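Everything numeric in this text was worked out from a predicted model, so none of it was measured. Here is how names work: the chains are called A, B, and so on, in the same order as the sequence lines, proteins then strands, and each is numbered from 1.
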Amino acid sequence: MTDLSVLVGGKAGDGINSAGLIVSHLFNQLGYYTYMYYDYPSLIKGGHNYTITRAAERPIGATRDRIDFVLALNQDSVDLHQDIISDKTIIVYDSYRVKSGGQGVDINAFLKEEGAPPVMGNSCIIGAFAGVAGIPFPVLEEVFSRQIPKGLEKNLAVARKGFLAVREATKIPRGSVKPSSLLSGNEAIGIGLLLGGLEAYVAYPMTPTSNLLHFLAGAAEQFPLTVVHPENEISVILMAHGLAYGGKKTAIGTSGGGFCLMTESFSMSGMNEEPIVVVMGQRTGPSTGLPTYTGQSDLHFILHAGQGEFPRLIVAPGDSGQAVFWSQVALSLSWKCQVPAVILVDKTLCEGTFSLWEDLPRMTDEGDLPDSPSVASYRRYAITGSGVSPLRFPPTPGAAIKSNSYSHDENGVTTELPDLVVAMMEKRLRKMETLKKETDLLPAVNTGGEKTAEKTLLCWGSTLPVCSEIAEMERFRLVQPVILSPFPEEALKQALAGTKKTILVEENALGQLQMLCARHGIPVDHAIHRYDGRPFPLEELRMRVREVA
Amino acid sequence: MTDLSVLVGGKAGDGINSAGLIVSHLFNQLGYYTYMYYDYPSLIKGGHNYTITRAAERPIGATRDRIDFVLALNQDSVDLHQDIISDKTIIVYDSYRVKSGGQGVDINAFLKEEGAPPVMGNSCIIGAFAGVAGIPFPVLEEVFSRQIPKGLEKNLAVARKGFLAVREATKIPRGSVKPSSLLSGNEAIGIGLLLGGLEAYVAYPMTPTSNLLHFLAGAAEQFPLTVVHPENEISVILMAHGLAYGGKKTAIGTSGGGFCLMTESFSMSGMNEEPIVVVMGQRTGPSTGLPTYTGQSDLHFILHAGQGEFPRLIVAPGDSGQAVFWSQVALSLSWKCQVPAVILVDKTLCEGTFSLWEDLPRMTDEGDLPDSPSVASYRRYAITGSGVSPLRFPPTPGAAIKSNSYSHDENGVTTELPDLVVAMMEKRLRKMETLKKETDLLPAVNTGGEKTAEKTLLCWGSTLPVCSEIAEMERFRLVQPVILSPFPEEALKQALAGTKKTILVEENALGQLQMLCARHGIPVDHAIHRYDGRPFPLEELRMRVREVA
Amino acid sequence: MASRNLITDTQNTWCPGCGNFSIQFALRDAIKGLVNEGVPLENIVLVTGIGCHAKMADYLDINSFYSIHGRTLPVATGIKLANPELTVLCCAGDGDAYAEGMDHTIFAAKRNTDITLIVHNNRVYGLTTGQYTPTSPLGYRGRSTPKGTVEEPFNPLTLMLASGAGFVARGTSRKLPQLKDLIGKGLRHRGFAFIDVLQICATYFNKSELYDTRGYELAGHDTGDFDAAWRRASEWGYDRDAPIGFGVFYQKERPVFEEHFPAAKPTREKRADGIRMLIDERR
Amino acid sequence: MASRNLITDTQNTWCPGCGNFSIQFALRDAIKGLVNEGVPLENIVLVTGIGCHAKMADYLDINSFYSIHGRTLPVATGIKLANPELTVLCCAGDGDAYAEGMDHTIFAAKRNTDITLIVHNNRVYGLTTGQYTPTSPLGYRGRSTPKGTVEEPFNPLTLMLASGAGFVARGTSRKLPQLKDLIGKGLRHRGFAFIDVLQICATYFNKSELYDTRGYELAGHDTGDFDAAWRRASEWGYDRDAPIGFGVFYQKERPVFEEHFPAAKPTREKRADGIRMLIDERR
Ligand SMILES: Cc1ncc(C[n+]2csc(CCOP(=O)(O)OP(=O)(O)O)c2C)c(N)n1
Ligand SMILES: Cc1ncc(C[n+]2csc(CCOP(=O)(O)OP(=O)(O)O)c2C)c(N)n1
Ligand code: SF4
Ligand code: SF4
Ligand SMILES: [Mg+2]
Ligand SMILES: [Mg+2]
């Protein structure tokens, strides 16, 4: 079965991310599922950036331990990747800047000939890639014309030079997969939110969710959508409170450091019951850590962030498809149950690009507002069996709608009376049950692999694709809780029923899901950790799984 | 055995807290241990404040379901406390403002006669209390002269009027206990920190730790001590970072909402290894909640606050004596192991006043700085077996001392190299073991009651005194983990060994210690919760314990 | 509607003599004024921080968002973005607006969101028992500074002028009719309106005499002249003795923030089309 | 010591042509100047935020505290309080000092802590790929504002003057010798010294031409005259076209914050006595 990997490397500023995406689109057109990993340090120009595009005839989301093609725009692209380069690897390189085996292309000269700017070097090397890989030039033309809106002619011209400058070294066969959209995790989240009825997005830039801000800012005009980038994260979440109070379905995005600044108002949403949806992209911590690398070490922080006790929804999708689905769910349920929700993702998912092979879910309908007996007697925090009170927004003639961060009565007026305090607390806590009923209707625990195998790979978030693949190879069971709060204890126990050995894979040091499993009496036999900021490549993880399986 | 309770009630602004304290000091002089609970709503003048002083010949820290004396400066002091007032209760009241059975005192008239301001009404009613309770006036004089530095004469004069205006209704016998200092939890924490070598305290006012700021600000001159109240909590913790970097032992104080704002820099201390000590006073949440009432619902937030994984010390003392001891420990160990530490308390402890019956612990010695081989090769983050690197402060000739919130090398220079990232992460995590070794030397789990009983009351923090008392009455075992991170799993299991039934008492709804126990495989048979912001009174809790025991 | 009593029956817990009462009356009357002009009462939203001042949210029988300490303005901005038709005003403390949330105050002025900010400037943290704030005078003795503060106050008026505020006024709880007038003007100003109210804290900082004797009403002052506003606002630095002007210091309209954002909800069709387009672009 | 090369051998990752290089050289030379005057190198501490500018902490071989985004000044204040003998300076970005941490900037000026703040004002968030900041001109198109910003910038100079800053200067990465001189003056100023440096961002906002053609050196300007400083500082609003002055706008000494706090460590005896007293008072 065809399973190819292409590394594109160069300096920051060489347009490596775009080049990698184009390579992915070439495979998309050729009939493959694709996945692209993007690796970059925290700098703007220079250094070493690279992408790895992998293409196969099954959905994928992980890189491998070998590379079939290297497209080298700098020396590091060859030197730093010797561990995955073999003598079978086909290398094309910019002969002006790189010394290597393989086929050199004098990009500099071609750019001059075409009067093209240096940043078009990536088009040239993509042309060369098509040449060595036996990809027909029309396929490249098709992809360029869709993906490069500006300067198409010139890009095609330099690509053609590259194409012609090399000789075909292999011929990538056509695959059988229908071309699909390629979505980064950030884009998938954005689309999920839009499907859920998003009306406003507020964020302060922070890796790995900045690109969600950029994506929605770009999309804002046509919906229309209110996109705001305020002075800091505190302002971000408070604007979201105001927008929600005003009736606008709103999401906000950040990473751990920014989320810290939001915790106080996150807790406020536990009390004032404004539906707040946070896209929380994990990266390597603690603190500034490795800002452009990945990690799964914020789960317990998110589970407990903010003083006091209140129900919250936490979903942790594992790839772009799940990101679309669960982001929509998060926005919808947050509003339905008037609880804060977190879409907990990480750099690997946010900045990875996946083929979207599932159909889009249906758009959320505008839920009718729950009834309130009469507007004149409207009480924002009316005590109900479900704990969910009717929601109205100003202006509502005849009603004074009072949102309150203090302990309050049904009207939203502050109270310190013990019995009322308890009644209102219990009203709010009942929403946990209501929310649980909703999530029980959903595939809160995703399963795969051999569903009755005695060995289980347990994972969460962006390690889903790599674990899925290994589970299939090893004929293991694959279990991924997608909802982490309210914790789907029964569903998870059911998914694990009959398991003799559970191997948990996490990109952290202390075992975040493991702690949560322990709390719920779910045993884990082995835990595999990684905490250098890099996602698990397929073979490496497979080996580590085999060691303990 | 004598066990008396006195309620002093009035409007905010009537000096109720001071009056309650004086009553406590009277009992202190009479030979009793005392405990005072202070209840006030979030307002400055008016409303209803009250204190309950309890006195007994054993150390205590909880109120009871009956009251022996009521000192009523407002009508609410009688009307709102009918549940604890019986026909045995001796009531003295301000006849100008209150209608009640018992003995009325025309405070207004007496104040006029003495030309005393209205706020001295509390002295008058205390005089009346001494009169009805058969407390010799010289005892009152002694207490007044120690506790009322300003306007002693006039206060004594109005007290004498009150004293003479009533007839003796009972005679409180002399107890056998040596008078001790009466310390609020806040004061106890302050003294513990000072014993630990505190050089600076930084805080933004927030109930229930504002009074720690006031206490240390008042004490600042004589030590000397740097006390700063900056623009907000973000600034608070960052100033602490700067002070620690500069070599000053520093603590900061706040409550949940303020701590939220500190979490980002709390995580920074996980990475840059500056020793940061936070006094975190819980109150009723979520959000603003009931700002002047109590709660134990922030434990998991504190256990996991801040993005990323790093060791932290959390101590949760249960009364003033423990607060002295463990605050000192927290400051000392934070510096010894270069980890952030949290002194996790609550409103009940912070604003309760206890007899300090233990001796003060020895002052922490100025630990010699750990050796670094030569200053010229000083590396702030040198990798060591213990994970703890030698600490130096600027100016250190020949060394550039680099603190860094990014993942960094031994010199403190930023790095993104996977192997180095892992090595430094593991160095930091090793401090968890080092810290554990230190805490294993300490009474991390406090036990009491019948130490081999089959039934155990398990508690943490300020429910210690009430649970101790019940454990003794019921001949139960009493187990209180004081250190909550690193979790003393073995010690706790040992303390619980042989238990057939474990009853956990917590002032929250979701079971914060219970979740932690579950994670560590420690079973809890019954959990008793309360979450109206009020601490458990003795008999009420005893009844609830008996229901499940 | 206009006849609804705007005061809730919640028990009021401000201290006797507190300046907040005057502000409450002035605000209620100013709101009544708006309602009389045809603004539907349900279109008015009050956002408060945390502190004595903030109890206004409980005491006024209108839409309100009782936020957390320091955080009125970003909430108000969100509300305006959600629905620019609403009249949004904030009651904030000086602790709120000048310490915990200083940055928001500057950015609200910069953005020129159409919000009226009333700062109950009692120059102490009232509700937490009288500690100093950024506008307490040098040497103020509060419980966190028993020997007196060592910091000079700043002048919120000049700060707001420097931040681009288009309406800068100062009133006092000691002058009720003028205060009502100022709040009314602020509410009618299109854009960010800043009103610093020198409020008496009867318990911790009763400066009645100072405000009564040194206060004067701005007269013959050209509110369109920035330099004149600056000079007038600089007259008294919240510290040394100097005449204290009350009135509108500066007023100038410029485009408001929220008008740059879509007001309409996207239709289901528009949303579906947009999503389809986004998906197609990535194919 | 003075001969130590102040540049670490860490690989520099600023973009070619970035204005940070100039600031680095100016800063290094200014530090050398101090050291030549006898300030021990080990007494100098640099605090940085997060952003391109902040890499200065890695690149200068001196004591440093590489803080988090927006949080240089409170750390620097803590360091000064710990040891007033230290010379403490901050390199902050405009995102750091004017957005995320605006409040700290105002309070550092208010307190007059003896810290020198150098703002690398490239008028974009550099490290997060060029979004607008509070000093980007109206209409700036960044990735969060693809249609152009709708907010006018504020003027950090007038804001600092209104906050009570005792040293207010502006330089540019385009004028190295003057910049070195300004930083030197700032470091020698006793009290808070604010230096806004119009820095070229070669990648996202290269305003070299603007600063070269519209920039001029302040001459014959009385730095002791607040009103003159205000007028000069108001000349250009970081937006419309106007002459852009470089130099010291204002300088005035007043008492510094840290001198009000104890410098000496309490002796063991003093500590023991104090604790005994506190305990006794409560007996
Ligand atoms: C984050 C946070 N920090 C501290 C507090 C405690 N707190 C409540 S009110 C207040 C000060 C209020 O002062 P101000 O804003 O001037 O209002 P005032 O009471 O004077 O009207 C403080 C510090 C809080 N609620 N939240
Ligand atoms: C709390 C927080 N929010 C967001 C970020 C992401 N972030 C890193 S650098 C930066 C902006 C830097 O801009 P500026 O301060 O102007 O520095 P420059 O890169 O332009 O030198 C941001 C938003 C962060 N690190 N922390
Ligand atoms: S403390 Fe001051 S501001 Fe607060 S209610 Fe009392 S008088 Fe008013
Ligand atoms: S992005 Fe701009 S500020 Fe950052 S290094 Fe590059 S040129 Fe300099
Ligand atoms: Mg105030
Ligand atoms: Mg910048």
Side-chain angles (χ1 to χ4, degrees), chain A residues 28 146 179-183 187 190-191 194-195 197 199-200 202 219-220 222-226 228 230-232 234-248 250 264-265 268 272 356 360 363 365-366 393-406 408 412-414, chain C residues 1 4 8 10 40-45 47 50 55 57-58 60-83 85-86 88 101 103-104 106-107 110-111 261-266 268 270-283:
Chain A
N28 190 36
R146 282 171 170 277
S180 62
S181 291
L182 307 191
L183 289 189
E187 290 166 344
I191 284 169
L194 290 168
L195 283 167
E199 292 164 90
V202 192
Q222 68 219 33
F223 280 88
L225 185 70
T226 294
V228 193
E231 66 271 28
N232 57 34
I234 296 178
S235 205
V236 165
I237 186 166
L238 285 147
M239 284 192 185
H241 268 280
L243 282 154
Y245 174 81
K248 287 237 183 198
T250 304
E264 192 190 7
S265 297
M268 175 157 73
N272 71 7
L356 184 77
L360 280 192
M363 261 179 6
D365 279 312
E366 288 307 318
F393 317 107
T396 295
I401 300 173
K402 298 183 105 60
S403 187
N404 194 345
S405 78
Y406 273 95
H408 46 257
V413 172
T414 305
Chain C
M1 213 38 216
R4 196 164 96 192
T8 60
T10 307
L41 183 58
E42 63 270 17
N43 277 35
I44 299 172
V45 184
V47 183
I50 296 291
K55 297 182 176 186
D58 283 341
L60 286 187
D61 186 21
I62 58 174
N63 295 316
S64 63
F65 189 113
Y66 205 151
S67 182
I68 51 178
H69 179 50
R71 317 296 175 197
T72 55
L73 287 163
V75 173
T77 306
I79 296 172
K80 271 309 263 192
L81 287 170
N83 186 351
E85 301 294 301
L86 300 174
V88 181
D103 38 1
H104 309 308
I106 289 176
F107 277 87
K110 174 181 189 288
R111 284 193 193 105
F261 294 90
K265 225 180 163 77
R268 204 178 148 76
K270 195 142 194 209
R271 222 159 26 102
D273 285 352
I275 294 171
R276 207 169 305 120
M277 219 185 82
L278 290 171
I279 289 284
D280 284 345
E281 279 172 7
R282 280 155 186 83
R283 206 181 295 277

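- Only the side chain of A:E187 comes within less than 4.5 Å of a heavy atom in chain C; its backbone stays farther off.
- When heavy atoms are compared at a cutoff of 4.5 Å, C:A76 does not approach chain A at all.
- Qualifying ring-ring contact (aromatic ring centres under 6.0 Å, His included) partners for A:F223, counting only residues two or more places apart in sequence or in other chains: none.
- The choice from A:G246, A:P224, A:S180, A:S181 that makes the most heavy-atom pairs within less than 4.5 Å of chain C is A:S181.
- From C:I106, atom CD1 reaches atom CD of A:E231 across 9.5 Å, with rounding to the nearest 0.5 Å.
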Check step by step if salt bridge (charged side-chain N to carboxylate O under 4.0 Å, His left out) holds for C:D280 and C:R283.
CA-CA 5 Å; C:D280 284 345; C:R283 206 181 295 277; 3.2 Å; yes

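- Of the two parts of C:N43, the backbone and the side chain both hold a non-hydrogen atom closer than 4.5 Å to a non-hydrogen atom of chain A.
- A:L360 touches chain C through its side chain: at least one heavy atom from C-beta onward sits under 4.5 Å away, while N, CA, C and O do not.
- By number of non-hydrogen pairs under 4.5 angstrom with chain C, the leading residue of A:K248, A:K402, A:M268 is A:K402.
- If you measure heavy-atom distances from A:L194 to chain C, the contacts under 4.5 Å come from both the backbone and the side chain.
- To the nearest 0.5 Å, atoms CD (C:E42) and CD1 (C:I62) are separated by 12.0 Å.
- Looking at A:N404, both its backbone and its side chain come within 4.5 Å of chain C, counting heavy atoms on both sides.
- Heavy atoms of A:P179 lying under 4.5 Å from chain C belong exclusively to its backbone.
- For the options C:N83, C:D103, C:L60, C:I279, heavy-atom pairs under 4.5 Å to chain A are most numerous at C:I279.
- Note on C:D58, C:T10, C:L86: by heavy-atom pairs under 4.5 Å with chain A, the leading option is C:D58.
- Annotation: maximal heavy-atom pairing with chain C below 4.5 Å, among A:V236, A:I234, A:N272, occurs at A:I234.
- Ion pairing of C:D273 with C:R276 is present here, as a side-chain N (NZ or NE/NH1/NH2) and a carboxylate O approach within less than 4.0 Å.
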Under 3.5 Å, which donor-acceptor pairs do the side chains of residues 65-72 of chain C form with other protein atoms, sequence neighbours left out?
unit_1 : atom_1 : unit_2 : atom_2 : d
C:S67  : OG     : C:R71  : O      : 2.9
C:H69  : ND1    : C:I50  : O      : 3.4
C:H69  : ND1    : C:D96  : OD1    : 2.8
C:H69  : NE2    : B:Y204 : OH     : 2.7
C:R71  : NH1    : C:E100 : O      : 3.4
C:R71  : NH1    : C:H104 : NE2    : 2.9
C:R71  : NH2    : C:E100 : OE2    : 3.3

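- If you take CE on A:M239 and OG1 on A:T226, they are separated by 11.5 Å, rounding to the nearest 0.5 Å.
- Contact count against chain A (heavy-atom pairs under 4.5 Å) is highest for C:R111 among C:E281, C:K55, C:K110, C:R111.
- Atom CD1 of residue A:I237 and atom CG of residue A:N232 lie 12.0 Å apart, to the nearest 0.5 angstrom.
- Separation of atoms CG (A:L195) and CE (A:M363) is listed at 7.5 Å; rounding is to 0.5 Å.
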